[in-house]
Amino acid sequence: MKSPRPPLFLERSTYRRRRLMDAARILPVVGFVLILLPVLWTRGSDVGTAGEAVYLFGLWAVLIVAAALLSGPLRSALRRDVQGDAPDAGTETKAPEPRGS
Amino acid sequence: MTLNILIPAALGYVVFLFFIASLAERRAEALRAAGRAPRFLRSPLVYTLSLSVYCTAWTFYGAVGYAARSGLEYVTIYLGPTLVFVGWWWLLRKLVRIGKAQRVTSIADLISSRYGKSNAVGVIVTLLAVVATTPYIALQLQSISLSFGAFAADQPLAPSQLALWVAAGLALFTILFGTRNLDANEQHHGVVTAIAFEAVVKLVALIAVGAWVVWGLADGPADIMARISEVERPEWQIQPGRWMGLTFLAGVAVVTLPRMFQVLVVENADQTHLAIASWAFPLYLLAISLFVLPIAAAGLTFLPEGMNPDLFVLSLPHSLGQPGLAMLAFLGGLSAATSMVIIAAIALATMMSNHIVVPLWLASRRRAAGRGAIPSRDASDMRGLVLNARRLSIGVILGLGYVYFAVSGGSRALAAIGLISFAGMAQVLPALVGALYWRGASRIGAAVGTCVGTLAWLYTLFLPSFGPDVILSAQLMAEGPFGLAWLRPHALFGVEGLDPLLHALFWSLLMNAAAFLAGSLVSFPSPVERVQSAQFVNVYELGASDESTVTRGWSHDAAENEAEDLLAMSQRILGADVALAFFAAAARGQGKAGFLPDPTPDFLNRLERELAGSVGAATAHAMIAQIVGGRLVTVDDLMAVASETAQIMEHSAQLEAKSEELARTARQLSEANEMLQRLSVQKDSFLSQISHELRTPMTSIRAFSEILMDDEVTQDETLRYAKIIHDESIRLTRLLDDLLDLSVLENGQVNLDIEDDNLHALIDRALMASNSVQPQRDFIIRRQVSDEDIALRTDIGRLTQVFINILSNARKYCDSDQPELRITVRKRAGQVAVDFIDNGSGIPKQSQVLIFEKFARLTDMHKAGGAGLGLAICREIMLNLGGDIAYVPGQGGAAFRVSFPLVLKPRASRAAR
């Protein structure tokens with residue numbers, strides 16, 4: 001959605017990376033839907049709080065693993081992006097001590 | 001275990017934390033001096049651990065109580081943030097990017113910066129944050145005093161006294177920690193490190209208690225699952241509305257809470273750390289909430305009825321003979337509470353000093369400077385002011401927290417208190433989301449929306465939270481203000497039966513968002529706002545070039561001596577060494593030696609950002625504006641410049657018009673001058689001619705009179721000579737008469753003799769009279785007799801004189817072989833025009849303007865036989881008669897038009913002259 005000029009031919013790695021970003025965007029939506037799931041099946045069934053807890057913590061762990069898997073490639077994409085930028089975080093570290101003129 | 005052990009333990013722990021913080025700070029300082037980045041202190045691990053400031057005493061003590069009361073609902077508080085972090089690519093990435101690019105110092109600064117650097121919006125958000133955080137701080141105070149109480153129920157210290165001491169101690173601790181210095185980026189290495197350490201302590205403590213519960217008290221996971229099922233109550237049933245609402249609310253809070261914004265955005269050292277935190281922070285949340293339910297179940301099983309479930313973490317090991325574990329749990333709870341208070345107080349103090357105290361101080365200085373009481377750029381220490389403002393703010397914030405604790409009684413469930421804070425800070429959400437994703441979001445919308453949402457939150461949740469009859473009376477709660485049932489705080493607009501929290505969240509956010517959208521749609525953003533909105537919403541597209549293309553920029557021509565003032569000011573804010581280094585680096589970058597770079601727009605922009613890191617964007621902008629003063633180009637200035645330019649253009653157009661007029665006048669003058677010169681030449685020649693003319697008769701008169709004086713003159717000759725003398729005298733007399741006549745006419749002293757006559761008779765007489773001129777020439781006269789029958793009432797004698805003159809001239813000068821003269825008469829609207837047109841060669845164009853001038857004569861005087869005064873006299877007569885005489889070119893010969901009124905009104909004719 002944020003590709004101003006779609007290139008004529010899609011390089012495989014950038015195409016993959018963009019789909020990865022899509023996945024990162026979809027992940028919380030999927031997570032939200034799955035988190036709301038217990039609301040639907042509490043009534044009537046006898047899953048119980050313990051069972052719900054197992055489900056929720058299991059789902060939680062899956063979400064964390066998924067995020068961890070996505071974070072590697074996304075991090076390198078972000079780093080490329082940031083390094084193209086002005087070195088914003090580095091200004092205070094590279095300020096040299098004043099030398100007398 | 002008594003207070004005698006607990007208090008030294010708590011103090012010792014705090015001293016240890018302080019030691020860690022200062023160690024970290026010194027290490028960072030040393031590394032910076034060596035030119036290296038403090039890699040560990042700014043690592044993703046420390047970043048993630050510092051994010052755990054989200055887990056406060058609410059989590060440590062309150063979550064267990066929450067689970068004991070409501071079952072699994074407590075996990076929503078951690079699932080919401082998990083979703084936000086797992087979905088970091090949506091929101092957090094942009095938030096952190098903008099925070100870095102704009103050097104944002106707080107959530108209030110971010111919102112004020114986005115909405116046109118409006119300090120009003122900053123103040124609103126700051127006040128909201130202070131009010132909303134107050135219950136949260138009260139929660140920490142309550143939990144600490146409860147934890148003391150759990151150990152020493154028989155101690156004489158009342159909870160409120162204890163809480164007062166805790167509040168004072170925390171205030172002191174925060175002041176010592178957080179306001180030791182003023183960092184350009186508002187980053188606190190030492191504090192963050194201490195917070196990360198505390199995160200480990202509280203996690204370890206909770207897991208230790210949890211592990212002991214699962215494997216010590218119970219027989220492993222399966223057994224604890226069974227026990228959970230055993231103690232399950234009907235209230236543990238998941239409530240769909242609260243489940244969804246709380247997940248959402250917690251997700252919002254993790255971004256909008258001032259302390260979370262502080263560690264998430266402001267203290268962020270590297271944007272890529274966010275990628276690690278996206279899974280590591282949810283992992284931390286999972287770990288810390290994993291044993292909550294087992295501990296709650298164990299508490300309900302093993303502890304006697306009536307124990308405060310909020311203290312299960314502490315009372316389980318304490319009452320079941322695990323003093324070491326109890327101490328660890330106590331320190332864990334202390335960690336959770338102190339870390340929250342420290343970071344929240346620092347974040348709020350930054351907001352209060354940047355958005356309220358410093359702007360007020362600047363305004364008062366400006367007023368004082370305006371009165372001339374102090375120089376506008378005096379050398380008082382800004383750093384001291386800012387730091388003192390922060391210290392004072394910390395005191396105020398903790399004081400408010402204590403007041404809330406004291407007033408609300410300090411006996412309610414911890415989680416319920418925390419959720420009030422969450423709902424309060426959620427009011428920032430519409431303005432924040434609008435700031436990041438909607439370019440049309442405007443300052444008015446943000447201010448109105450936040451205000452409306454805050455008021456709704458205050459009315460429906462915050463004020464009722466003190467309990468009935470504390471602030472809102474029980475009657476108002478039950479029946480609504482003035483008996484208006486539809487305004488009841490817990491059933492607004494007839495929405496009854498909803499959980500009070502959900503009810504408040506629903507109405508406040510709905511009204512907030514509606515007001516925000518409406519305000520944004522109807523208002524018109526200022527130019528600065530438009531620029532900032534582009535910088536925020538399109539932060540990815542702007543990329544690196546945004547440093548140089550920011551249009552809020554500074555004018556190029558700031559004078560060099562201003563660099564010194566800027567340096568003086570920056571030293572006060574950044575500290576002498578940092579400011580000198582920054583200026584020296586900038587000067588080197590410009591290829592200059594020394595510490596004073598040229599105040600180029602680029603440099604001023606960078607300096608503004610650097611200062612914004614300490615005092616906020618709006619304040620930094622105002623301060624630089626104060627020094628660079630008139631040289632700062634605001635959009636308003638540009639407007640002024642534009643209107644000045646328009647004025648100048650108008651002036652120049654006027655000048656052009658004037659110069660054209662001048663040129664026209666000059667042309668006219670030179671024409672007049674030419675004519676004057678021609679006239680002067682004519683006059684000279686006329687004078688010589690007239691003197692010649694006068695001398696000729698005089699000479700002959702003298703000569704002949706001398707002859708007459710001789711005796712030898714015959715009678716005959718005498719007669720002849722006397723005749724000549726007589727004729728010459730007549731000629732002289734006529735010449736003198738003409739001159740006299742002209743002068744009389746010109747002075748307007750002529751007496752007009754008005755009679756009645758007919759034009760036909762008049763022309764007849766004139767023709768007859770003019771026949772005597774050159775009688776040998778035979779003229780054909782063409783007349784339209786019927787036209788000439790016009791009755792006149794004017795000076796007939798003078799008019800006849802004019803006609804005779806024109807006719808005589810025609811006879812004299814018409815050079816045709818068969819001379820012919822046409823006389824036409826036209827009458828129109830009380831005016832008569834008589835044209836005399838001959839068939840000669842006419843008058844050459846260059847002479848046409850001269851013929852009516854005195855002494856004008858086109859041919860030799862002798863040939864003409866007149867003095868050249870005829871037409872000048874004619875014109876004067878006609879003017880006296882209220883008419884005119886003109887030469888009409890292009891008629892096939894000389895053509896004169898005489899026009900005059902039928903009836904002459906003597907007075908009017910005089911006035912016309």
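All of these numbers come straight from a predicted model, not from anything done at the bench.
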**Item:** Residues of residues 66-73 of chain A with any heavy atom under 4.5 Å of a heavy atom in chain B
**Value:** A67(A), A68(A), S71(A)
**Asked** So which part of V54(A) gets closer than 4.5 Å to some heavy atom of chain B, the side chain, the backbone, both or neither?
**Response**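 For V54(A), the side chain is the part near chain B, not the backbone.
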**Item:** Part of L56(A) lying under 4.5 Å from any heavy atom of chain B
**Value:** side chain
Chain A heavy atoms under 4.5 Å from [X]: which part of the residue, side chain, backbone, both or neither?
{"X": "I224(B)", "result": "neither"}
{"X": "P44(B)", "result": "side chain"}
{"X": "L293(B)", "result": "side chain"}
{"X": "F85(B)", "result": "neither"}
{"X": "L285(B)", "result": "both"}
{"X": "S289(B)", "result": "both"}
{"X": "L283(B)", "result": "both"}

**Message:** Please check if the number of heavy atoms outside R27(B) that lie under 6.0 Å from its CZ is greater than 12.
**Reply:** no
**Request:** Can you establish whether the number of heavy atoms outside W88(B) located under 6.0 Å from its atom CH2 is more than 12?
**Result:**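 Count over threshold, so yes.
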Considering only heavy atoms and a distance below 4.5 Å, find which of [options] pairs most often with chain A.
{"options": "G87(B), G71(B), G251(B)", "value": "G87(B)"}
{"options": "T247(B), L274(B), T76(B), V86(B)", "value": "V86(B)"}
{"options": "A226(B), G80(B), P282(B), S229(B)", "value": "P282(B)"}

**Prompt:** Is W90(B) reaching over with its side chain to a backbone N or O of R25(A), donor-acceptor style, under 3.5 angstrom?
**Reply:** yes
**Item:** E52(A) side-chain N/O to L72(B) backbone N/O, donor-acceptor pair under 3.5 Å
**Value:**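 No, E52(A) side chain to L72(B) backbone: no donor-acceptor pair under 3.5 Å.
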**Residues forming a side-chain hydrogen bond (donor to acceptor under 3.5 Å, both in side chains) with E230(B), sequence neighbours excluded** =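 Scan of E230(B) (side-chain hydrogen bond (donor to acceptor under 3.5 Å, both in side chains), adjacent residues dropped) gives none.
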**Asked** Given the rule in the side chain to side chain contact (heavy atoms under 4.5 Å, CB included) test, do V39(A) and M244(B) qualify, once you have shown the distances and angles that lead to the verdict?
**Response** CA-CA 9 Å; V39(A) 171; M244(B) 209 185 320; over 6 Å; no
**Message:** Nearest 0.5 angstrom please: L79(B) CG to L59(A) CG, how far?
**Reply:** 7.5 Å
**Message:** side chain to side chain contact (heavy atoms under 4.5 Å, CB included), that's the test. Do Q271(B) and R79(A) meet it? Break it down for me.
**Reply:** CA-CA 8 Å; Q271(B) 293 173 44; R79(A) 182 171 289 144; over 6 Å; no
**Prompt:** side chain to side chain donor-acceptor pair (under 3.5 Å): which pairs involve residues 27-40 of chain A, sequence neighbours left out?
**Reply:**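 Checked against side chain to side chain donor-acceptor pair (under 3.5 Å) - neighbours excluded - no pair reaches residues 27-40 of chain A.
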**Request:** Begin from the C-alpha positions of T82(B) and I35(A) and carry the test side chain to side chain contact (heavy atoms under 4.5 Å, CB included) through to its verdict.
**Result:** CA-CA 11 Å; T82(B) 297; I35(A) 283 171; over 6 Å; no
**Asked** Of all heavy-atom pairs between I238(B) and P38(A), which one has the smallest distance, and what is that distance?
**Response** CD1-CB, 3.9 Å
**Asked** If you take all heavy atoms of A50(A) and M225(B), which pair is closest and at what distance?
**Response** O-CE, 3.5 Å
**Message:** According to ring-ring contact (aromatic ring centres under 6.0 Å, His included), does anything in residues 59-78 of chain A pair up with another residue at least two apart or in another chain? List the pairs.
**Reply:**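 Sorted result for residues 59-78 of chain A: F57(A)-W60(A).
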